[in-house]
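Below: one structure, written as structure tokens.
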2 protein chains.
Amino acid sequence: MAEPTRPMRRHEIRRENEKAILVAAEKVFAEAGFGGATMQLIADLAGLPKANLHYYFATKEELYRSVVQNIFEIWLQAANCFDAARGPIDGISAYIDAKMEISRRHPDGSKVWASEVMHGAPVLQDYMESTLREWTDGRVEIIRRWIEEGKMDPVDPRHLLYMLWAATQHYADFGHQIETLNGGKPLSDRQWREAKENIKRVILTGIGARPA
Amino acid sequence: MAEPTRPMRRHEIRRENEKAILVAAEKVFAEAGFGGATMQLIADLAGLPKANLHYYFATKEELYRSVVQNIFEIWLQAANCFDAARGPIDGISAYIDAKMEISRRHPDGSKVWASEVMHGAPVLQDYMESTLREWTDGRVEIIRRWIEEGKMDPVDPRHLLYMLWAATQHYADFGHQIETLNGGKPLSDRQWREAKENIKRVILTGIGARPA
DNA sequence: TTGCAGCCTGACCGTATGGTCAGCTTTCAG
DNA sequence: CTGAAAGCTGACCATACGGTCAGGCTGCAA
């Protein structure tokens, strides 16, 4: 064997196994939902015995919680695009790009997140009432300022945000439908680019965004 | 008792029980997903013994299939708004109104549909490859004609449709999130109206829709 | 009135699942 | 080198779930 099963450091093992479990769990939760997912399936996909999962994550709920929180982190990072912007064209463009990239690179995570919210956010309720609300209020304020400064038409900021979330998230959550309507093939690079451009163009034109 | 347990006609019984089961099932499937839903819960909610469910619907899968097909019917009906229209302003406005009404009146159904698609449409794959595809192709053709006739800017019809689906469906699927961000209260009549108006305005402006 | 087809259901069953645990191996600080 | 802590796992358990069925009940056509 070229690979002499080099021994692993403790923390290395821990990190790698947790990672493998989280990746597998994200996929299984996305495909089957919380109720339909089984620890056995996740274990198989992660290449570990089921009992080992319970060594790292005591219960299915705890594992699910970790998966959901991971997604929330990624989601929040993308949200920062808004801050650096000087006006709606920069800010909203960057945000759409970031969220579309998430839809493309983390479709499973997006689905888990969608599923969680659809089922009443049993795990994330706290985050939604604190972090998410604060983030949203902040962005609403930014948009309101843009409107005051005449950088865009007076559009309800909340409904605009919902539209941004919806339009971008759709490409992950309903990816299967889009793929089916695309002749059963995943969107190509070009099609993803077109999707992004379309959303940007329609929304930015739609809100009458003007250069700072 | 004022209610002398009037006897029921046979077909009446059948109709009412099936209806009760389908209503209960829609709610439970929406709240818990297919895997998380249990026949017992559905039975309790419908006020029937579990064994009775299996008399009307042999398996959980069959019951689920019925629920999903019901939604698909409603969805298709709304889709007709497009046809009578003379231009994008009429057509897209009417479609947004219809789909928003579905999101408001049938949030559970919308969630079940979303869940079905997210999990790869195990039940609806056939419909998606036939009915849905035909419907979509038809609407794409209509939009293309509107563009040719100069009634709107040249926007990719498919991505426009996805945006319409996303923006409207979002208010059902992510209703819990929207409610949380709305101070924990459901959207009021006025807020629903504002939501509709906002979507219409942004999209119609965004695609440069011009009166026929 | 009667027979029967459709309707109803308590009790039951096999299975799959989340979770436990005793006891093993491996790593590594001292 | 050594002991203990961390990592690992096959075998096991209790439960909950989807589904079955024998047998009772009821509306209704003849």
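In the text below, chain A, chain B and the rest are named by the order of the sequence lines, each starting its count at 1.
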*Identify which one of B/H119, B/M128, B/M118 satisfies the side chain to side chain contact (heavy atoms under 4.5 Å, CB included) criterion when paired with A/H176.*
B/M128
*Write down the distance between CD1 (B/I13) and C1' (D/dC28), rounded to a whole number of angstrom.*
12 Å
_Over 12 non-hydrogen atoms of neighbours within 6.0 angstrom of NZ in B/K196_ = yes
*Check: B/E129/B/Q125 side-chain N/O donor and acceptor closer than 3.5 Å*: yes
*Rounded to the Å, how far apart are B/L41 CG and D/dC17 C1'?*
12 Å
*For the pair B/F82 and B/W146, name the ring-plane relationship: parallel under 30°, tilted 30 to 60°, perpendicular over 60°.*
parallel
*Rounding to a whole Å, what distance do you find between A/N52:CG and C/dT25:P?*
16 Å
*Do the side-chain N or O atoms of B/R14 get closer than 4.0 angstrom to the phosphate oxygens (OP1, OP2) of C/dG6?*
no
_Would you call the rings of B/W192 and B/Y171 parallel, tilted or perpendicular, taking 30° and 60° as the class edges?_
tilted
*Contacting residues from residues 54-62 of chain B, given that a heavy atom lies under 4.0 angstrom of DNA chain D*: B/H54, B/T59, B/K60, B/E61
_Between P on C/dG10 and CG on B/D44, what's the gap in Å once rounded to a whole number?_
12 Å
*Nearest whole angstrom, please: distance from the P of C/dC8 to the NZ of B/K50.*
17 Å
*Do any of residues 18-28 of chain B sit with a heavy atom less than 4.0 Å from DNA chain C, and if so which?*
none
*How many angstroms lie between CZ in B/R14 and OH in B/Y55, if you round to the nearest 0.5 Å?*
5.5 Å
_Residues, nucleotides or ligands: over 12 heavy atoms within 6.0 Å of A/Y127 OH_ = no
*asked:* Between B/F174 and A/W165, is the ring centroid distance below 6.0 Å?
replied: no
*Hey, does B/A37 reach any base, or is it just sugar-phosphate, or nothing, if we go heavy atoms under 4.0 Å?*
sugar-phosphate
*Of B/H11 and A/P49, whose nearest nucleotide on DNA chain D comes first from the 5' end?*
A/P49
*B/L53 has an atom CG; how far is it from atom P of D/dC17, in whole Å?*
14 Å
_Nearest-Å distance for atom pair CE/P, residues B/M39 and D/dC17_ = 12 Å
_Within 6.0 Å of NZ in B/K200, more than 12 heavy atoms from elsewhere_ = yes
*Should B/N17 be listed as having a side-chain N or O under 4.0 Å from OP1 or OP2 of C/dC8?*
yes
